[in-house]
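Order of appearance sets the numbers: ligands from 1, and atoms from 1 within every ligand.
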Amino acid sequence: MKIRVIGRWGAFPKAGEATSGYLLEVGNHKILLDCGSGVLSALQKFIELKELTSVFLSHRHYDHMADLGCLQYACLIDMDLQRRDTPLRLLTAEEIEEEWSIPVMKGTHETGVNESAAVTFEDGLKLTFFRTNHDGYCLGVRVEFEGKVLVYTADTRYDEQLVPFLKDADLLITESSFYAGFNASQYGHMNSHEAGKLASVAAAKKLLLSHLPHFGDTLLLKEEAAVMFNGEILLANFGMQVVI
Ligand SMILES: Nc1ccn([C@@H]2O[C@H](COP(=O)(O)O)[C@@H](O)[C@H]2O)c(=O)n1
């Protein structure tokens with residue numbers, strides 16, 4: 001499994017970068033985990049959009065799905081120009097409140113997902129979803145393939161109820177929206193200590209800190225998380241690829 005950081009910022013993108021987006025390449029799949037602001041442009045530095053096979057949307061906050069509409073247009077154009085023969089599969093966290101629906105368009109096909117259903121592909125790739133502790137309906141995803149495990153928590157408060165879904169991940173991607181000591185929970189998020197603690201309690205092998213704050217020295221996040229987690233810690237950087 002290969003995972004590349006396409007967008008690493010919370011809330012809004014820094015100049016020339018993007019908010020949440022991670023490209024997962026596994027078997028014949030190219031799956032985008034979240035499609036925040038700036039992701040569509042940044043993604044094309046690495047692949048052509050017609051190569052994408054699926055997109056997982058954790059929740060319907062702009063920093064996780066702002067570029068979805070334009071991605072749908074790209075798929076429509078690629079279908080019309082016969083550059084894409086299969087519609088892009090959108091795996092979207094079911095929005096209980098149904099405040100936003102995703103338009104039906106040629107080139108994309110939506111499948112609502114929730115915490116009680118897994119998606120299994122023919123080659124054995126399995127995606128299992130779990131509800132996180134965020135404001136609104138937000139799902140994390142556990143990806144399993146040929147004995148390797150990747151977990152992406154998306155947005156969440158620190159919550160040990162998540163641990164069974166994170167257990168023994170070869171790579172755990174968590175948010176680290178604030179610095180140690182800050183009450184991140186009030187905003188539905190985690191600070192760096194909490195990210196490290198979650199990785200430790202879940203016995204993750206490697207931790208990738210992302211969904212970063214727009215203030216302070218983000219290098220500190222890694223040092224702070226290391227107080228709570230003894231394993232390898234990576235701080236998300238644009239274009240960084242991790243192989244597990
Ligand atoms: N006082 C605040 C409030 C929020 N943030 C950040 O804004 C983002 C909000 O994103 P949601 O996913 O909760 O919609 C998030 O990155 C928060 O950390 C902040 O920095 N300060």
Side-chain angles (χ1 to χ4, degrees), residues 5-22 32-40 42 55-69 71 91-102 113-115 129-141 151-159 161-162 165-166 172-199 207-225 228 233-238 240:
V5 176
I6 304 297
R8 59 180 177 150
W9 297 106
F12 65 95
K14 278 228 193 295
E17 289 204 40
T19 61
S20 297
Y22 308 89
L32 181 65
L33 306 180
D34 277 335
C35 189
S37 175
V39 165
L40 203 53
V55 176
F56 164 67
L57 290 183
S58 63
H59 65 305
R60 299 183 194 194
H61 285 171
Y62 295 114
D63 55 339
H64 293 259
M65 53 80 72
D67 276 8
L68 177 68
L71 176 58
L91 302 168
T92 60
E94 283 175 356
E95 187 72 8
I96 287 173
E97 298 84 4
E98 291 185 351
E99 47 186 71
W100 287 346
S101 59
I102 289 170
V113 293
N114 58 49
E115 62 270 41
F129 308 97
F130 55 93
R131 185 154 185 189
T132 74
N133 186 337
H134 191 50
D135 300 328
Y137 188 73
C138 181
L139 292 179
V141 60
V151 178
Y152 169 51
T153 65
D155 286 3
T156 189
R157 294 180 178 85
Y158 181 81
D159 188 340
Q161 288 192 49
L162 302 184
F165 305 102
L166 276 48
L172 174 63
I173 306 175
T174 65
E175 63 142 290
S176 181
S177 300
F178 294 96
Y179 295 89
F182 185 83
N183 177 7
S185 173
Q186 67 185 311
Y187 297 121
H189 291 282
M190 285 195 293
N191 66 38
S192 51
H193 265 176
E194 292 168 325
K197 188 174 173 193
L198 196 60
L207 171 64
L208 173 61
L209 301 172
S210 196
H211 199 276
L212 305 177
H214 286 271
F215 52 90
D217 177 1
T218 53
L219 291 176
L220 266 181
L221 297 167
K222 190 173 159 180
E223 285 176 31
E224 292 169 351
M228 310 302 281
I233 303 177
L234 303 167
L235 183 66
N237 219 333
F238 174 63
M240 165 193 273

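A donor and an acceptor atom, one from each side chain of H61 and D155, are nowhere located under 3.5 Å apart.
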- Task: Any chance you could lay out the side chain to side chain donor-acceptor pair (under 3.5 Å) test for Y152 and S58, step after step, and finish with the verdict?
- Result: CA-CA 9 Å; Y152 169 51; S58 63; 4.6 Å; no
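The pair D217-K222 does not count as a salt bridge, with every side-chain nitrogen at least 4.0 angstrom from each carboxylate oxygen.
The aromatic rings of H59 and H64 lie tilted to each other, with the angle between the two planes from 30° to 60°. Between F215 and F178, the ring planes lie tilted relative to each other; the angle falls in the 30° to 60° range.
Within 6.0 Å of CD on Q186 lie more than 12 heavy atoms contributed by other residues, nucleotides or ligands.
For ligand 1, residues of the protein lying within 4.0 angstrom by heavy-atom distance are G10, A11, H61, D63, H134, D155, S177, F178, Y187, H189, H211.
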